[in-house]
**Student:** 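Just dropping this structure here.
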Amino acid sequence: MENAKHLEEIRSKIGVCDNEIIDALAERMKHVQEIISYKKATGIPILQPEQEAKQERELKEKLGDNPFEEEILDIFKYIEKNSRKVQAKSLFDYNIFLIGFMGAGKTTVASELTKKLEMNRVEMDQMIVEKQGMSISEIFDEYGETYFRNLESNCLIELQHVKQSVVSCGGGVVVREDNADHMKKNGRVVLLTAKPETILERVKDSNDRPILENHKNVQFIASLMEKRREKYQQVADVKVETDGKTIDEICDEIIAKLIEFDNQKEAAEADS
Ligand code: S3P
C-alpha cells in the first residue's frame, strides 16, 4: 500500500514536469513565430543553418556532463524539426506547386524543399501511377495523351483539399488552362527553368517519359519548350532558373521569392 502511494507521488511529479515542458514548448513556439514575422518583414533569410549549428553548440555546453545528454539532444532534434514546421506553416499556409519542363529539376527540388520546410511531398506522376496501377508510358500507350491529361487535372482537383504540400507536377500540366485555376485555388506556382542542353543531360538516361522517347535531342527539346514557354510563364507566380545552381541555392531562392511574392500581394490587397 505504502509502495503504491509512493509510486503515485513520483508519477504526479512527472506530471508536473510535463506541464512545465508543455508551457515551455508553447512559449518557445510563440517566439519562433515572432522571429518569422520579424524576418519576413525585414527580408532576413528565413533558414539560417549557421544559427542552428550555433544553437546546437550552446545546447551541448549547457548540458555539460548531464547523464542524459544523448537523450536530451535527441529530443531537441525534434524540437528543432517542429520549429521549422511552425515557421513553414506561418509562412506558407498553402501548397507549393513546382512546374517546368521535363528535367527542370522539380522532383529533386521538391525532395529538398520538403526537408527544409518540413512540409508534405506529393509527386503527381507517382500519384497517377499508383491510382492507375500502370506506368506513365503504359497509360500513354494504352489510353493516349488526352486520357493522361484528364488524370492530371483530376489529381489537381483532389489536391485542393490538402495543405502544406510541395507538389511536383508533371511537365505538361500547363497544357490545360483549367489546371492553373486548380493550382492557384490553394497554392502558389513556382516555375523551374533550364536550358535545353541541361535538360538533355538530365533526361538522356531515363526511359519513363513517352513524349521524349526517340526525341532525346536538343532541337526537339528546344522546340517543345518554345511551344510551352508562354503557358509556363503565364501560370507562374515565381520563376527560378536552375542552370549552374546547387539544389540548396535553388530552394533558398524559391523561399525568398515566395515570401517576396506574398508580401507584394498583401501590400496590394491592403491598398485596394
Ligand atoms: C510530361 C512530363 C512528365 C510526365 C509525362 C508527360 C510532359 O513529367 O508527366 O511523361 O508532357 O511534359 P516530368 O516533367 O516529371 O518528367
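Order of appearance sets the numbers: ligands from 1, and atoms from 1 within every ligand. These figures come from a predicted structure and were not determined experimentally.
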**Student:** Heavy atoms only: which of Met225, Arg149, Lys106, Glu152 is nearest to atom 14 (O) of ligand 1?
**Tutor:**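 It is Lys106 that holds the nearest heavy atom.
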**Student:** Taking only heavy atoms of Ile211, which atoms of ligand 1 are found under 4.0 Å from at least one of them?
**Tutor:**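 Counting atoms of ligand 1 from 1, those under 4.0 Å from Ile211 are 7 (C), 11 (O).
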**Student:** For Phe101 and Tyr232, take the angle between the two ring planes, folded into 0 to 90°, and tell me which bin it lands in: parallel under 30, tilted 30 to 60, perpendicular over 60.
**Tutor:**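 Rings of Phe101 and Tyr232: perpendicular, over 60°.
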**Student:** Less than 6.0 angstrom from the centroid, inside 45 degrees of the normal: does Arg188 satisfy that with respect to the ring of Tyr94?
**Tutor:**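 Flagged: Arg188 positioned over aromatic ring of Tyr94.
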**Student:** Is the number of heavy atoms from other residues, nucleotides or ligands within 6.0 Å of NZ (Lys216) greater than 12?
**Tutor:**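 It does: Lys216 NZ has more than 12 such atoms within range.
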**Student:** How close does the nearest protein non-hydrogen atom get to atom 3 (C) of ligand 1, and which residue and atom is it?
**Tutor:**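 For atom 3 (C) of ligand 1, the nearest protein heavy atom is Asp125 OD2, 3.6 Å.
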**Student:** Would you mind listing which atoms of ligand 1 come within a distance below 4.0 Å of any non-hydrogen atom of Gly172?
**Tutor:**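 Those of ligand 1 that fall under 4.0 Å from Gly172 are 1 (C), 7 (C), 11 (O), 12 (O).
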**Student:** Near Glu9 CD, under 6.0 Å, is it more than 12 heavy atoms from other residues, nucleotides or ligands?
**Tutor:**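 Counting other residues, nucleotides and ligands, CD of Glu9 exceeds 12 neighbours.
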**Student:** Does an N or O from Phe101, backbone or side chain, lie closer than 3.5 Å to an N or O of ligand 1?
**Tutor:**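 No, since none of the N or O atoms of Phe101 sits under 3.5 Å from an N or O of ligand 1.
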**Student:** Students should be able to answer this: which protein heavy-atom is nearest to atom 16 (O) of ligand 1, and at what distance?
**Tutor:**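 Among all protein heavy atoms, the one nearest atom 16 (O) of ligand 1 is Arg209 NE, 2.6 Å.
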**Student:** More than 12 non-hydrogen atoms from neighbouring residues, nucleotides or ligands closer than 6.0 Å to NZ on Lys163, yes or no?
**Tutor:**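 12 or below, so no.
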**Student:** State plainly whether the residues Lys54 and Glu52 are in salt-bridge range, i.e. N to O under 4.0 Å.
**Tutor:**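 A salt bridge is absent here (no side-chain N lies under 4.0 Å from a carboxylate O).
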**Student:** Is it true that Glu145 lies under 4.0 Å from ligand 1, counting heavy atoms only?
**Tutor:**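 No, that is not the case, since the closest heavy atom of the residue is not under 4.0 Å from the ligand.
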**Student:** Taking everything shown except Lys89 itself, do over 12 heavy atoms lie less than 6.0 Å from its NZ?
**Tutor:**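 At most 12 heavy atoms, drawn from other residues, nucleotides or ligands, come within 6.0 Å of this atom.
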**Student:** For atom 12 (O) of ligand 1, which protein heavy atom lies nearest, and how many Å away is it?
**Tutor:**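 Ranked first by proximity to atom 12 (O) of ligand 1 is Arg228 NH1, 2.7 Å.
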**Student:** Does any N or O in the side chain of Arg84 come within less than 3.5 Å of the main-chain N or O of Glu118, such that one atom is a donor and the other an acceptor?
**Tutor:**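 Absent.
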**Student:** In ligand 1, which numbered atoms sit nearer than 4.0 Å to a non-hydrogen atom of Ile136?
**Tutor:**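 This gives 5 (C), 10 (O) as the contact atoms.
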**Student:** Ligand 1 versus Glu123, non-hydrogen atoms closer than 4.0 Å: side chain, backbone, both, neither?
**Tutor:**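 Neither part.
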**Student:** At a 4.0 Å threshold, what atoms of ligand 1 neighbour a non-hydrogen atom of Pro210?
**Tutor:**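 Those of ligand 1 that fall under 4.0 Å from Pro210 are 10 (O).
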